[in-house]
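Accompanying notes for the structure given below.
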Protein chains: 2
Amino acid sequence: MAKNLKPSMKKIALETGVAESTVCRILNGQSKLYAEETCKRVMEAAARLKYRPNILVKGILSGKTRTAGVMIPPTATFMSKIIHGIHDELLAANYAMFLSWNDKEIASSDDDTELRIIHQLVDRRVDGIILRPTNDLVSGMYFNEIWERKLPLILVDRDIPEVSTDFIGTDDNASGVYIASKFIELEHHNICTFGVGITVNSFRERVNGFESTLSKDPAIRYTRIVENDLATAEEKLRNMIKQKDHPTAIFCMNDYYAVSAYRIIKEAGLRIPDDVSVFGFADIEHAELMSPPLTTMRQFPYEIGKQAAQLFLKKIESDATLPPVKLRIKPEPVFRQSLSKCNKK
Amino acid sequence: MAKNLKPSMKKIALETGVAESTVCRILNGQSKLYAEETCKRVMEAAARLKYRPNILVKGILSGKTRTAGVMIPPTATFMSKIIHGIHDELLAANYAMFLSWNDKEIASSDDDTELRIIHQLVDRRVDGIILRPTNDLVSGMYFNEIWERKLPLILVDRDIPEVSTDFIGTDDNASGVYIASKFIELEHHNICTFGVGITVNSFRERVNGFESTLSKDPAIRYTRIVENDLATAEEKLRNMIKQKDHPTAIFCMNDYYAVSAYRIIKEAGLRIPDDVSVFGFADIEHAELMSPPLTTMRQFPYEIGKQAAQLFLKKIESDATLPPVKLRIKPEPVFRQSLSKCNKK
DNA sequence: TTGTAGGCGTTATCAT
DNA sequence: ATGATAACGCCTACAA
């Protein structure tokens with residue numbers, strides 16, 4: 001009977017006795033060209049067969065799939081919110097989103113996950129890619145696969161400095177400056193940073209802004225604890241905090257490290273903020289529930305996602321090669337109870 | 001010069017002076033059929049042109065895109081973990097994942113987001129769909145679009161009872177039974193539930209198991225507070241808790257409602273668990289940080305996701321129509337400090 | 001107002 | 001050991 005199994009224009013054409021091109025034009029809104037009677041028959045058949053266009057074909061023909069490849073792990077709320085922003089913006093523009101990621105922290109040379117994912121995306125002819133670099137040592141290797149194909153690439157949250165790509169994230173440097181100024185304003189003179197992963201650009205920027213501000217005041221004693229792994233960092237902080245002249249103010253590279261710092265400070269029998277002030281970064285949910293509630297910087301992940309997707313769409317829909325955009329959204333301090341004026345000496 | 005802009009088999013064929021079908025076979029691992037020299041030339045050209053196969057075409061030809069449509073909002077950690085499980089399993093099988101969702105709670109009739117998303121997926125010819133129903137009133141409408149095309153559909157977290165589809169989730173009924181038994185064991189005689197959204201099947205199951213167990217003991221006084229909106233539910237609980245004979249044990253439909261219950265109990269000047277015991281559901285992160293730390297049921301979202309994806313793959317890769325699977329993973333109680341023996345009377 | 005023909009990139013089939 | 005051809009579903013020129 002019906003030769004073709006799946007609904008297609010050909011099948012509609014066969015059933016209605018018109019040419020495929022007729023079906024095509026009617027279904028694509030050029031019905032005014034045709035006799036009302038023909039249109040009706042075609043539309044009716046399409047509805048009856050539950051016809052849906054095959055976008056894969058359009059993709060082949062036009063080279064545009066209205067699809068974005070997104071490589072961001074939804075492992076923390078912060079990241080999920082970025083994805084959320086991207087998603088909403090893409091959906092509004094009727095784009096679909098592939099989501100995939102490699103959540104392994106360490107870049108073992110035999111792990112080709114990133115490459116496999118990029119190939120999955122390229123082979124499906126996504127129009128571009130939005131990704132959050134894991135750290136700047138690894139990711140670079142795979143970027144070639146993207147650039148070689150001249151696919152728009154938008155980085156979020158973490159920039160890769162050596163490379164001129166579009167980037168949407170937080171103004172980390174300014175944040176570091178802000179927090180340092182705050183510590184100075186509160187008369188702290190013995191200060192340290194605490195965190196893991198200096199190969200992550202956002203952390204580096206925070207530290208840079210922070211240190212450059214502190215260094216203006218020669219009376220300040222400063223120690224940087226940003227190690228390659230948490231255990232080492234914790235060990236260092238534990239040792240410092242035991243000393244009589246321990247730091248009175250700690251800038252934690254993010255709120256998770258602040259949780260860790262809290263524990264170390266409390267174990268040493270010190271109080272927050274009376275003995276040690278703590279400033280976090282990111283404003284994760286339980287920052288508010290910590291005791292005392294953590295003072296931290298609130299970022300705008302949903303907004304970052306939205307902006308990233310908007311830029312993505314702009315890049316795609318203008319054929320011209322636009323110069324790379326770097327957008328750093330200013331975070332907002334959230335003052336709670338982990339910060340006070342220096343009580344010491 | 002090179003006529004075609006993008007790398008393709010045709011282009012490789014042109015550059016190397018062989019036929020397209022030759023290129024095709026060599027690139028698909030049938031090189032032993034050919035002269036070494038030819039293979040080398042073709043491979044070299046492919047590498048030089050950075051050739052990547054166009055999977056869209058394979059999709060058209062084979063009807064298989066190695067792609068899943070996933071409709072789950074990564075709005076809570078629980079859901080992100082489900083997505084994580086699905087992702088890992090799909091990636092291992094070299095499937096790609098479209099992710100999209102409608103996070104509007106209320107089903108306004110002019111909101112066609114769900115339908116639009118399903119069309120996005122269908123039009124891109126996904127091999128099947130994994131989704132978490134928002135509630136059983138709404139989603140049904142759109143399922144037709146999926147069934148009509150005989151696409152495998154796997155439900156996660158929330159089943160839709162009237163419908164015989166594959167489902168992977170938590171054993172909610174057994175959980176309700178368990179918690180009720182626990183309350184009875186702790187000699188509570190005045191008990192209530194607290195939550196929002198009885199049109200959500202998982203909640204209904206929890207309540208069913210809970211109530212059916214309680215009803216075996218006629219000495220127990222029981223009130224169900226499961227309303228259509230949070231404000232109403234809170235109002236009811238607030239009123240109850242003020243009474244002299246307030247409930248001494250509350251089963252919250254999930255941990256978020258437990259947060260709300262905690263506040264109401266504390267505002268009434270009562271202590272947890274001395275005056276009122278609270279049992280949550282889901283084990284969200286800050287359950288542990290609440291004061292007192294919340295006793296709750298831990299679910300296994302990552303596992304749910306993995307199982308869902310495995311089932312998805314099984315459905316797709318066997319042509320036969322398998323009977324629907326319903327898998328309910330048993331959650332695990334996590335005892336912390338919000339639960340105690342009844343002190344009253 | 002409608003139809004025909006060719007092509008997009010790949011593969012399977014049937015030659016040579 | 002290699003080529004030619006048709007087909008997948010859709011679209012665009014170019015007829016008629």
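To find a chain, count down the sequence lines: A is the first, B the second, and so on, and within it residues start at 1.
At a threshold of 4.0 Å, the pair B:Lys11-B:Glu15 does not count as salt-bridged, since none of the basic side-chain nitrogens sits closer than that to a carboxylate oxygen.
For the segment residues 29-44 of chain A, residues with any heavy atom less than 4.0 angstrom from an atom of DNA chain C are, sorted by number, A:Leu33, A:Tyr34, A:Ala35, A:Thr38. Taken residue by residue, residues 50-62 of chain B places heavy atoms nearer than 4.0 Å to DNA chain D at B:Ile60, B:Leu61.
The NZ-P distance, from B:Lys64 to C:dA12, rounds to 15 Å in whole Å. Regarding A:Arg124, its CZ atom lies at a distance of 16 Å from the C1' atom of C:dT10, rounded to whole Å. If you measure from atom NZ of A:Lys6 to atom C1' of D:dA7, you get 16 Å, rounded to the nearest angstrom.
The side chain to side chain contact (heavy atoms under 4.5 Å, CB included) with B:Cys24 is formed by just one residue from the set B:Asn28, B:Ile26, B:Leu27; it is B:Asn28. A side chain to side chain contact (heavy atoms under 4.5 Å, CB included) with A:Tyr95 is found for exactly one of A:Thr65, A:Val126, A:Asp127, A:Ile86, namely A:Asp127.
Put simply, the side chain of A:Ser21 and the base of C:dT4 share a donor and an acceptor less than 3.5 Å apart.
Pairing each heavy atom of B:Leu115 with each of B:Tyr142, the nearest pair is CB-CE2, 3.6 Å.
Between B:Trp101 and A:His87, the ring planes are parallel. Angles under 30° get that label, and only those over 60° would be called perpendicular.
You'll find that the side chain of B:Arg25 is closest to D:dT2, out of D:dT2, D:dC14, C:dT10.
Side chains of A:Glu114 and A:Met71 form a contact here, defined as non-hydrogen atoms less than 4.5 Å apart.
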Step by step, would you call A:Glu20 with A:Lys10 a salt bridge (Lys or Arg N to Asp or Glu O under 4.0 Å)?
CA-CA 6 Å; A:Glu20 262 185 82; A:Lys10 183 188 257 179; 5.3 Å; no

